[in-house]
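Single-structure report; data block below.
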Amino acid sequence: MKQTRILAALLISSFCIHVAAQQRNIDQKIDSILRLMTVDEKIGQLNLYAGRMNPTGPITMRENDEDEIRRGHVGMVFNIVGAKRTREIQRIAVEESRLKIPLLIGFDVVHGYRTIFPIPLGESASWDLDLMKRTAKASADEASAMGIHWTFAPMVDVCHDARWGRIMEGGGEDPYLVSLITKAKVEGYQGADLKEMGSVMACAKHFAAYGATIDGRDYNTADISDATLRNIYLPPFKAAVESGVSTLMAGYHELNGIPTSASSYLMTDILRNEWKFDGFVVSDWGSIRETATHGYAKDRKDAAMKSFNAGLDVDMESSAYISHLKELTSEGRVSLENIENSVRKVLRMKYLTGVMDNPYRYCNQQREDTIILKKEYLKLAREAACKSMVLLKNKNQVLPLSENLKSIAVIGPLADSKKDMSGSWSKSCDSKDMITLLEALTTQIGSTTKIKYEKGCDVQGDDRSGFAAAIKVASKSDVILVAMGESKELSGEASSRSDISLPGIQKELLKELKKLNRPIVLILFNGRPLSIPWEADNVDAILEAWFPGNEAGNALADVLFGRFNPQGKLTVSFPRSVGQVPIFYNHKNTGRPEGGGEKFFVTRYIDNSNQPLFPFGYGLSYTTFEYSEIKLEAPQLTYDGILHATVKVKNTGKYKGVETIQLYIRDLVASSTRPVKELKHFQKVELTPGEEKEVKFEIKEEDLRFWNNNKQYFSEPGKFQLFIGSDSESVKKAEFELL
Ligand code: GLC
């Protein structure tokens, strides 16, 4: 045993010595390059231009980016893809510029490159961290095969607002879960070493609290307390930094009066001084220039000074740095030393990714041809799509469907819409690769079951001309599968909605189908929680499919016919109405909560419930699970101790299933009020019919800590409630005391 420990210590120390030597070696190389660089060339490394492929922002017309690269005025580009095209642009930098410094090449690989996985909000509903790491790794492999070194992902913005179009891009409303997902994604994208073939730099965005804008709109205002910032919105970014993320991206929004792209509180005080982050921060598209539009800077030059001095290293598409930093240094308003420090960070990433040693490492046509759409990645996409789907309702076990059904009606605008299956942030995919619900059903059971399809209506608009045909085919079928929801354009950037019900006349068509008194299974394709109270009351089953990606149809068939027993759990609350937004499970108790004796003078709506339609953590299975009461090994937890909490969970149904057992904690009395519940642990357990397992959780003092508004992070002795269950509302309860 002792020898093992000595060997381990020797191995660790030799690894640390190797890393330190590698670091010194890189630093020496960077010093030698810096000595050769002009001020313009130094600033050029901090300049990020967009190519014209797959535009993801407002295009700035410039003379000639290639000449800028030749002059050494561009350090990195994005939205230029493919082994051939990236080789061409890299050649200009490496062969036609004075110092021949290679470019970093970036792209938004948010949920896959050509093999598209479920949108992140959907994938988060799998609560499967290993899966999310594997899909990030597969995405990175495809991206690298297309010449990309750097993905602008993961988006780690916690969000409580279903109106926000970009809620589709994150991991939902809980900071603990989004932090774990962030760690998985960063490790998946970056691998163990950025020099590994198939690894790409990650970029945690948008720093910070972009999901907290006051009205769910992009580019807008977030105004929150420091405690809320640190308890809710910062944890995923801290998790990213602790996971070794290479870069962070600032945001378009303002936080407490300061545009995040010019916030020294965020980018220097917190990111560098508290978290010791040593990567670089990139602005969002034009966000440096927009600090002037916010009314925080006088003009683009003032914006350049304020953003750079706040700690923002790289300028995406403002041309603010390349136009003004040199002048600002000569005026003594920006220090050349700080510019050199930012250049060091950029050059360090170019060394760590291997780009400096081999600029064309990812410009390999043969690798592109063999990796893109690999069978194993499509298989992974099907697994991820199955695991992301959430069964919201299943009255009288209408699901799973029997494969011996005589006829199935497939109705709705999303039953056969290839373009929508990828969801937003998937510009790199080819919609012809997408498998729709109708295609999968036709291929898999079309020979034995009569599949009758009618679109019935569009996602938006008021054209009812398709209703009659839809009703006709539905009236003669054993079951009606209705594929409705949002088109992919209705979520994503600059796509917030003030009305989060089913768009257009889809609900009207559903009401007509309801009159047929046949089983209706509603399959939802959407990028945000939808307010669907009538639908939830009136259909027999609801399967939340999100936007499942390439394997949408195959995964849906797997779930609908019981080949895969749904296990997804919501990571966002589904509101009953948009009037409840923002709505989230980890809310405060207030001074007059509902549920006591008083019925009138309590916190409530007079026209609706306070409760969500479907709560955080909710999701059904084809089987059922029964929970025992919680067993605590002791009624107290000491400061440096561990308290074990145990429950028994039994599969009381007739299908094998996976249950995500969730553990929440409430701090009953504290020097700052605490939420009624906070997710602190979860475990996924597979059980066969009749099987029972004992599930044990460890609770430590650190689980009980919180930030107050004086930037203090601590726990306080006192009574706590402990909840364990299948979602944030269906829980068993126990109490303990922190001594
Ligand atoms: C967009 C997004 C950001 C993305 C960037 C580059 O406007 O806000 O998330 O990475 O521009 O496409």
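One-based numbering, in listed order, for ligands and for the atoms of each.
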Would you mind listing which atoms of ligand 1 come within a distance below 4.0 Å of any non-hydrogen atom of [X]?
X	value
His206	3 (C), 8 (O), 9 (O)
Phe152	10 (O)
Met249	3 (C), 10 (O)
Lys205	3 (C), 4 (C), 9 (O), 10 (O)
Thr56	1 (C), 6 (C), 7 (O), 11 (O), 12 (O)

Answer with yes or no after comparing the ring centroid distance for Tyr210 and His253 against a 6.0 Å cut-off, counting only values under it.
yes
Compute the centroid of each ring, for Phe616 and then for Phe584, and state whether the two points are separated by less than 6.0 Å.
no
So which protein heavy atom does [atom] come closest to, and at what separation?
atom	answer
atom 1 (C) of ligand 1	Glu493 OE1, 3.2 Å
atom 5 (C) of ligand 1	Asp284 OD1, 3.3 Å
atom 10 (O) of ligand 1	Asp108 OD1, 2.5 Å
atom 7 (O) of ligand 1	Tyr252 OH, 2.4 Å

Could you tell me whether Arg272 sits above the aromatic face of Phe277, with NZ or CZ closer than 6.0 angstrom to the six-membered ring centre and within 45 degrees of the axis?
no
Whether Lys205 engages the ring of Trp425 as a cation-pi pair (distance to the six-membered ring centre under 6.0 angstrom, angle to the ring normal within 45°) should be assessed.
yes
Contact between Phe78 and ligand 1, counting heavy atoms under 4.0 Å?
yes
Can you find a non-hydrogen atom of Met155 under 4.0 Å from ligand 1?
no
Please determine, by modelled atom types, if [X] and [Y] share a side-chain donor-acceptor pair under 3.5 angstrom.
X	Y	answer
Ser496	Asp218	no
Trp150	Ser246	no
Thr135	Glu123	yes
Ser263	Thr260	no

Apply the side chain to side chain donor-acceptor pair (under 3.5 Å) test between Lys488 and each candidate in Ser422, Ser424, Ser495; give the one that qualifies.
Ser422
Check this for me - ligand 1, [X], N or O atoms closer than 3.5 angstrom, yes or no?
X	answer
Asn79	no
Arg166	yes
Trp285	no

